[in-house]
Engineer: 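Next up is a structure, given as structure tokens.
Convention: sequence-line order gives letters A, B, ...; per-chain numbering from 1. Quick note: numbers below take in every heavy atom, side chains included, and nothing from hydrogens, waters or symmetry partners.
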Protein chains: 2
Amino acid sequence: MKPSVVTIEPNGHFCSDCAVRASAVCSSLDAAELREFEHLGRRVHFASGETVFSEEDITTSFYNVIEGVMRLYKLLPDGRRQIVGFALPGDFLGMNLSGRHNFSADAIGAVTVCQFAKAPFGRFIESRPQLLRRINELAIRELSHARDHMVLLGRRSADEKVATFLLGWRQRLLALGGSLDTVPLPMSRQDIADYLGLTIETVSRTFTKLERHGAIEILHGGISLRDPARVEALAAA
Amino acid sequence: MKPSVVTIEPNGHFCSDCAVRASAVCSSLDAAELREFEHLGRRVHFASGETVFSEEDITTSFYNVIEGVMRLYKLLPDGRRQIVGFALPGDFLGMNLSGRHNFSADAIGAVTVCQFAKAPFGRFIESRPQLLRRINELAIRELSHARDHMVLLGRRSADEKVATFLLGWRQRLLALGGSLDTVPLPMSRQDIADYLGLTIETVSRTFTKLERHGAIEILHGGISLRDPARVEALAAA
DNA sequence: CGCGACCTTGACGACGTTCAAATCCCGTGG
DNA sequence: CCACGGGATTTGAACGTCGTCAAGGTCGCG
């Protein structure tokens with residue numbers, strides 16, 4: 001939200017060193033392709049709270065998250081917000097059919113992305129069906145998550161929502177090499193509420209309730225899973 | 001739900017005559033490819049209420065909806081249901097990464113699909129990047145709808161949900177060549193409720209309220225939009 | 001005609017929201 | 001080192017929307 005202080009590294013970075021090399025779209029490219037691909041993207045840094053792109057903006061770039069966490073959200077005209085997902089390293093953002101982004105994205109904490117101009121990226125894909133296949137895989141994975149989240153939003157109670165969120169978030173961090181039972185929550189309570197279709201008060205109360213029951217411990221910027229089994233029972237998978 | 005009475009047309013159908021030729025995945029194929037493609041799919045009919053595939057089933061086929069309406073849904077262990085979408089002619093179903101379907105699909109009224117065995121379809125795609133691109137387009141379109149629906153489920157009131165649903169459903173039918181202000185609703189009230197994250201009673205009450213206010217007229221198997229502007233205002237786009 | 005599925009309507013209550021205030025936490029500056 | 005200030009979070013109390021439970025109505029079909 002503060003005035004944009006975007007840093008662009010002119011070059012001096014290499015895909016082969018990239019932290020998300022194995023999990024991102026680029027995992028579909030071989031060494032030779034990667035060298036060519038390297039020239040298409042530039043690393044860009046965003047400070048906490050900065051907006052990377054907004055809903056309805058014309059799409060000029062695609063983004064590969066390298067580091068940090070982003071919130072992806074849509075706003076109703078009256079200001080109500082729904083967070084449609086959190087992006088983590090390896091996630092690929094910006095695909096759409098309309099030529100405009102269909103959600104907004106901003107940085108939660110410091111974020112590094114690999115930014116690709118739309119046209120050259122599109123041209124590069126033309127001749128690399130395996131890259132297209134990889135992008136398609138990521139889209140299908142997102143779609144599956146989106147459907148799971150619809151179930152959560154439409155059919156689960158507040159307790160279930162929060163418990164399911166904590167387990168799912170932990171699972172994603174584990175897949176990226178996180179720790180076992182201390183779960184960092186870089187997003188605010190308001191973000192969590194807007195993700196789960198609740199109010200900030202309900203989220204706060206539910207956290208407190210879970211803590212009172214010995215299921216979790218509330219820490220600064222996260223929680224500790226004291227009784228994973230109990231949380232799983234609440235999530236009622 | 002009744003014992004399966006699936007009819008398979010052995011052959012005698014041609015893609016070139018297909019009603020969804022222009023809008024479905026196959027729109028990406030030229031005449032020569034289409035003749036080859038023709039041998040991969042077979043038309044299958046399902047009666048009202050029959051299940052085409054179930055969540056967690058191993059994926060053996062993909063499906064192209066030719067005619068009719070299907071509900072796509074997920075169930076929680078205790079029986080709560082969330083409908084994640086309604087499929088109409090031109091929709092392509094069955095893509096997933098896990099090798100298992102991640103939702104169930106059944107026919108609402110009589111349905112005709114074009115069914116493709118997974119393996120040969122996969123092989124056919126290998127050498128047709130434009131078909132892959134088309135599939136990717138459909139996935140991205142679905143993703144965009146899914147995000148819109150998350151906003152509806154998480155952040156809209158019952159009135160807004162119902163009004164938004166009516167307008168969106170009408171829009172989809174219009175795109176398929178439907179009529180202007182009489183909107184057929186082949187799905188039950190329960191289906192609508194499970195799609196909107198409401199109960200059947202709330203849906204029914206909201207319909208009645210809209211009718212009392214002169215916004216719609218409730219018909220058998222559908223509604224008539226008496227005052228589209230009023231409904232749009234309620235939807236609070 | 002009568003059964004059953006689907007839909008509507010009403011009364012009531014619960015879960016989550018709203019509104020309000022207190023508390024915590026951390027960075028800043030005296 | 002500690003006081004201050006502002007944002008985020010927690011807590012409390014009252015309220016309202018929507019869910020629950022129950023009854024009644026409508027329609028199609030055997």
Engineer: For A/R80, does its backbone N or O pair with a side-chain atom of B/R155 as donor and acceptor, under 3.5 Å?
Structural biologist: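 Absent.
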
Engineer: Can you tell me how far P of C/dC7 sits from CZ of B/F207, to the nearest Å?
Structural biologist: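 That distance rounds to 10 Å.
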
Engineer: Starting at CG of A/D194 and ending at C1' of D/dT9, how long is that distance when rounded to a whole Å?
Structural biologist: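 These atoms are roughly 15 Å apart.
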
Engineer: Write down the distance between CD (B/Q190) and C1' (C/dT8), rounded to a whole number of angstrom.
Structural biologist: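 Checked: the CD to C1' distance equals 14 Å.
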
Engineer: Please check this pair: side chain of A/Q82 against backbone of A/D194, looking for a donor-acceptor N/O pair closer than 3.5 Å.
Structural biologist: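 Checked: pair present.
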
Engineer: Which whole-number value in Å describes the distance from B/L153 CG to D/dC18 C1'?
Structural biologist: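 So the CG-C1' distance, B/L153 to D/dC18, works out to 15 Å.
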
Engineer: Figure out the CZ/P separation between B/R212 and C/dT8, and round it to whole Å.
Structural biologist: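 So the CZ-P distance, B/R212 to C/dT8, works out to 12 Å.
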
Engineer: Using whole Å, report how far NZ of A/K161 lies from C1' of C/dC15.
Structural biologist: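 After rounding, the gap between these two atoms is 11 Å.
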
Engineer: If you compare every side-chain N and O of A/H220 against the phosphate oxygens of D/dA8 (OP1, OP2), does one of them come in below 4.0 Å?
Structural biologist: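 Indeed not, no polar side-chain atom of A/H220 lies that close.
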
Engineer: Taking for each residue the nucleotide of DNA chain D with the nearest heavy atom, is it A/T202 or B/T202 whose nucleotide lies nearer the 5' end?
Structural biologist: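 By nearest-heavy-atom nucleotide position, the 5'-most residue is A/T202.
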
Engineer: Between P on D/dT10 and CD on A/E201, what's the gap in Å once rounded to a whole number?
Structural biologist: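 Spelled out: CD on A/E201 to P on D/dT10 is 11 Å.
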
Engineer: Please tell me whether A/Y63 and A/F116 form a close aromatic pair, meaning their ring centres lie under 6.0 Å apart.
Structural biologist: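 No, the ring centres sit 6.0 Å or more apart.
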
Engineer: Out of B/F62, B/F53, B/Y73, which residue meets the ring pair (Phe, Tyr, Trp, His ring centres under 6.0 Å) rule with B/H101?
Structural biologist: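 Of the listed options, the one satisfying the test is B/F53.
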
Engineer: Under 4.0 angstrom, heavy atoms only, what part of the nucleic acid is A/G197 near: base, sugar-phosphate, or nothing?
Structural biologist: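 It contacts sugar-phosphate atoms only.
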
Engineer: Quick one: is A/T199 getting a side-chain N or O under 4.0 Å of the C/dT18 phosphate, OP1 or OP2?
Structural biologist: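 No, no such contact exists.
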
Engineer: Select base, sugar-phosphate, or nothing to describe what B/T208 touches, counting heavy atoms under 4.0 Å on all strands.
Structural biologist: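 Touches sugar-phosphate only.
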
Engineer: Is there a donor-acceptor contact under 3.5 Å from the side chain of B/W169 to the main chain of B/T164?
Structural biologist: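 Flag not set: sc B/W169 to bb B/T164 has no pair under 3.5 Å.
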
Engineer: A/I218 side chain: which of C/dG16, C/dT8, D/dT10 is closest?
Structural biologist: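 Closest nucleotide among those given: D/dT10.
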
Engineer: Provide, to the nearest angstrom, the distance between the CZ atom belonging to B/R205 and the P atom belonging to C/dA11.
Structural biologist: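 Rounded to whole Å, this separation is 11 Å.
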
Engineer: For DNA chain C, whose closest nucleotide is more 5', that of B/V203 or that of A/V203?
Structural biologist: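 Nearest nucleotide further toward 5': that of B/V203.
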
Engineer: Starting at the 5' end of DNA chain D, which residue's closest nucleotide do you reach first, A/M187 or A/R155?
Structural biologist: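 The answer here is A/M187.
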
